[in-house]
Engineer: 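One structure, as structure tokens, below. Some questions next.
All values reported here derive from a predicted model rather than from experimental measurement. We name chains A, B, ... by the order of the sequence lines, and we start the count at 1 in each one.
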Amino acid sequence: MDELGKTEAALIAARRENLAALRSRGRDPFAQRRCDVDATAQELLERYAFLEPGQDAAAEAWSLAGRVLSKRTMGKTVFADLADRTGRIQVYVRRQDVGDDAFADWHDLDRGDFIAVRGYMFRSKVGELTLHVTAFSPIAKALRPLPDKWHGLQDIEKRYRQRYVDFVVNPDAREALMLRSRLIAEMRRFIDARGFYEAETPTLLHVAGGAAARPFVTHCNALDRQLQLRIATELNLKRLIVAGMERVYEIGRIFRNEGIDTTHNPEFTMLELYAAYWDVSDMLEFNEALVAHLVDFVTAGATDLRHGDTTISFARPFARIEYFDALARFSGGKYTRARLLDARQAAEVLGELGLPASPTHGHALDKIFERIAEPHLVAPTFVTGYPAVISPLAKRRSKDGEVVDRYELFCANMEISNAFTELNDPDDQRARFEAQVADRIAGDEEIPEPDWDFVRALEYGMPPTAGIGIGVDRLMMLLTDQRSVRDVLLFPMQRQHG
RNA sequence: GCGCCUUUAGCUCAGUCGGUAGAGCAGCGGCCUUUUAAGCCGUUGGUCCCGGGUUCGAGUCCCGGAGGGCGCACCA
């Protein structure tokens with residue numbers, strides 16, 4: 001239990017007195033087990049929208065339950081706002097309707113308490129649809145006071161640390177996360193409808209591979225071995241392609257031991273999806289259809305999405321541009337493919353841009369692209385044809401071995417997805433892992449140890465396959481118009497107090 | 001990791017030049033049968049983030065620390 005200030009202690013004591021008063025009259029809120037609910041706030045507001053001020057629908061009684069968000073007592077009547085998962089509805093209680101004893105119970109109800117009510121709908125003189133209460137019972141007590149009813153909870157730190165309070169008083173915050181839930185369900189429906197199997201692969205691994213990132217490390221007592229938390233689901237999902245599942249995906253939690261900021265949380269959600277017999281072009285079509293569908297879903301049929309104070313169009317087709325064309329265009333022709341594909345010249349370019357030296361050629365290319373091209377990629381844009389040196393798991397183009405069949409989708413200056421035709425030649429894969437070992441030794445700590453068993457799996461034969469990874473949290477930021485990844489996460493990572 | 005900003009009542013915020021810590025809401029008491037951000041009257045409530053220092057005197061100035069926000073760096 002935390003230490004309480006005197007003011008807060010007094011507020012809690014007052015609520016405990018109210019609890020005791022209710023109990024003394026046989027109205028113990030915590031003795032309640034369940035209650036019948038046959039309507040939600042939203043349903044009633046929609047159903048009775050036709051009522052005129054002063055008019056009622058006394059013939060139809062409804063039961064609902066929720067939390068008291070405010071209480072306005074006026075002598076022998078009380079107005080209160082009741083909130084459930086769908087929204088807020090006003091309720092009205094008269095002493096002459098519920099009787100003296102029950103009316104007295106309202107005195108002991110505090111803002112934040114849960115109640116079950118029964119009554120009928122009417123529209124008040126000032127025009128608000130209201131439930132006229134004929135019976136009610138307290139069903140849970142809030143012992144701690146809720147924040148200011150008008151300003152809500154503004155303290156950003158407290159909002160993330162105490163989401164249970166934030167969501168009660170800041171409905172917008174709760175709704176963004178509830179929308180996220182609906183969007184992920186919709187995403188699953190879209191994928192499932194195309195014949196994919198959802199897989200749940202391990203998060204604890206001996207070697208976390210499939211991406212370039214520092215892993216979290218933990219220890220398994222039973223095995224007395226160090227384990228790592230996964231940084232991608234890629235290698236296991238491709239094992240399932242080898243195994244013959246043909247269409248698999250996972251919407252899973254990924255852990256990367258890296259910085260925390262407005263677009264990075266140490267644990268985040270990634271959709272990875274693999275389809276045998278597709279190539280990167282098939283995947284691009286799928287990707288575009290999926291994103292367009294989700295935009296359609298949130299906007300109820302529109303193609304434009306509000307993003308901060310601008311609008312982004314997701315009308316198909318999205319823009320497409322080749323990786324090296326983008327770099328050339330956004331650098332005014334200065335940074336050509338020939339120059340960037342040469343490791344020494346790429347290092348010089350880093351210097352020209354005032355960026356720190358990179359440990360590897362691939363790292364340098366990433367930094368250059370980030371600086372030169374990303375700031376221009378606001379509208380959804382597929383950047384296609386990535387250099388092989390930064391794509392260790394992708395298949396080379398048949399007519400151009402320095403480039404792989406890969407694209408990334410950018411939007412609002414963020415990378416949203418990454419897809420490629422998967423490398424299925426075990427000998428090529430082994431060679432690329434060996435090259436990565438060299439990069440790792442050269443000082444690129446994000447390069448994982450090679451997963452040699454994955455090469456062994458490929459030796460059993462993997463059909464031609466396309467794969468994609470989508471950063472679900474960033475996609476949710478776009479779809480729910482949030483500036484910070486924390487606002488699309490229920491419980492974002494926070495440093496511990498003390 | 002570096003820089004800037006920030007932390008005052010349960011909540012939202014003031015606090016001047018260094019001179020006894022304020023308001024609104026919430027709470028408590030009273031009046032009120034269609035109110036609505038907050039009705040009216042009265043009233044309780046403080047580890048000024050923590051620890052040092054300067055000073056007759058620190059919420060205020062200085063140093064150190066903690067949490068948070070933003071930017072940079074890092075990070076697909």
Engineer: Among the nucleotides B:C28, B:U35, B:C74, which one has an atom lying closest to any side-chain atom of A:Asp261?
Structural biologist: B:C74

Engineer: Relative to each other, are the rings of A:His376 and A:Phe330 parallel, tilted or perpendicular (30° and 60° limits)?
Structural biologist: parallel

Engineer: Under 4.0 Å between a side-chain N or O of A:Arg371 and OP1 or OP2 of B:A76?
Structural biologist: no

Engineer: Applying a 3.5 Å limit to both distances, which nucleotide forms a Watson-Crick or G-U wobble pair with B:U36?
Structural biologist: none

Engineer: Can you check the distance between B:U7 and B:G65, where both ends of the measurement are the C1' atom (answer in whole Å)?
Structural biologist: 14 Å

Engineer: So what does A:Thr73 hit on the nucleic acid, given a heavy-atom distance under 4.0 Å: a base, only sugar-phosphate, or nothing?
Structural biologist: base

Engineer: Quick one: label A:Arg406 by what it contacts on the DNA or RNA (base, sugar-phosphate, nothing), any heavy atom closer than 4.0 Å.
Structural biologist: base

Engineer: Considering only B:U35, B:G71, B:G29, which nucleotide approaches the side chain of A:Gln90 most closely?
Structural biologist: B:U35

Engineer: With nearest nucleotides of RNA chain B determined for A:Arg94 and A:Ser70 from heavy-atom distances, which residue corresponds to the more 5′ nucleotide?
Structural biologist: A:Arg94

Engineer: Using a strict cut-off of less than 4.0 Å between a Lys/Arg side-chain nitrogen and an Asp/Glu carboxylate oxygen, indicate whether A:Lys141 and A:Asp110 qualify as a salt bridge.
Structural biologist: yes

Engineer: Looking only at side-chain N and O atoms, does A:Arg486 come under 4.0 Å of OP1 or OP2 in B:C70?
Structural biologist: yes

Engineer: Ignoring the backbone of A:Gln154, work out which of B:C13, B:U34, B:A76 is nearest its side chain.
Structural biologist: B:C13

Engineer: Measuring from the side chain of A:Glu157 (C-beta onward, heavy atoms only), which nucleotide among B:U36, B:A76, B:G67 has the closest atom?
Structural biologist: B:G67

Engineer: Paired with B:C2 by Watson-Crick or G-U wobble geometry, both distances under 3.5 Å: which nucleotide is it?
Structural biologist: B:G71

Engineer: Record whether the side chain of A:Thr77 comes under 3.5 Å of the base of B:U34 through a donor-acceptor pair of N or O atoms.
Structural biologist: no

Engineer: Ignoring the backbone of A:Arg495, work out which of B:A76, B:G68, B:C75 is nearest its side chain.
Structural biologist: B:G68

Engineer: If you restrict it to nitrogen or oxygen atoms, what contacts under 3.5 Å exist between nucleotides 2-10 of chain B and the protein, and what is each distance?
Structural biologist:
| residue | atom | partner | partner atom | Å |
| --- | --- | --- | --- | --- |
| B:G10 | OP1 | A:Glu8 | N | 3.2 |

Engineer: Please say whether more than 12 non-hydrogen atoms of neighbouring residues, nucleotides or ligands are located less than 6.0 Å from CZ in A:Arg174.
Structural biologist: yes

Engineer: Between A:Asp279 and A:Thr421, does any side-chain donor sit less than 3.5 Å from a side-chain acceptor?
Structural biologist: no

Engineer: Is there a donor and acceptor pair, one atom on the side chain of A:His264 and one on the base of B:C75, closer than 3.5 Å?
Structural biologist: yes

Engineer: Please work out if A:Arg88 contacts a base, only the sugar-phosphate, or nothing of the nucleic acid, heavy-atom cut-off 4.0 Å.
Structural biologist: nothing

Engineer: Charged N to carboxylate O below 4.0 Å: is that the case for A:Arg337 and A:Glu402?
Structural biologist: yes

Engineer: Within the structure shown, what part of the strands sits under 4.0 Å from A:Gly471 by heavy-atom distance: base, sugar-phosphate, or nothing?
Structural biologist: nothing

Engineer: Mind checking if A:His363 touches a base, just sugar-phosphate, or nothing, with heavy atoms under 4.0 Å?
Structural biologist: sugar-phosphate

Engineer: Centre-to-centre under 6.0 Å for A:Phe122 and A:Tyr48, is that the case here?
Structural biologist: no

Engineer: Between B:U12, B:U34, B:A76, spot the one nearest the side chain of A:Glu415, thanks.
Structural biologist: B:A76

Engineer: CZ/A:Arg230 to CZ/A:Arg256 distance, rounded to the nearest 0.5 angstrom?
Structural biologist: 11.0 Å

Engineer: Given B:G67, B:C28, B:U36, identify the nucleotide with an atom nearest to the side chain of A:Arg161.
Structural biologist: B:G67

Engineer: Nearest to the side chain of A:His107, which nucleotide is it out of B:G29, B:U36, B:A76?
Structural biologist: B:G29

Engineer: Which one, B:U12, B:G69, B:U35, comes nearest to the side chain of A:Leu153?
Structural biologist: B:U12

Engineer: Ignoring the backbone of A:Lys367, work out which of B:A26, B:U34, B:C75 is nearest its side chain.
Structural biologist: B:C75

Engineer: Counting Watson-Crick and G-U wobble pairs only, both distances under 3.5 Å, name the nucleotide matched with B:G22, or none.
Structural biologist: B:C13

Engineer: Test for a donor-acceptor pair under 3.5 Å between the base of B:U36 and the side chain of A:Glu128, counting only N and O atoms.
Structural biologist: yes

Engineer: Anything under 30° is parallel, anything over 60° is perpendicular, the rest tilted; go ahead and classify A:Phe369 against A:Tyr386.
Structural biologist: tilted

Engineer: Contact class for A:Ala211 (heavy atom, under 4.0 Å): base, sugar-phosphate, or nothing?
Structural biologist: nothing

Engineer: Which nucleotide, if any, forms a Watson-Crick or G-U wobble pair with B:C61, using both distances under 3.5 Å?
Structural biologist: B:G53

Engineer: Counting only heavy atoms not in A:Arg320, do more than 12 sit closer than 6.0 Å to its CZ atom?
Structural biologist: yes

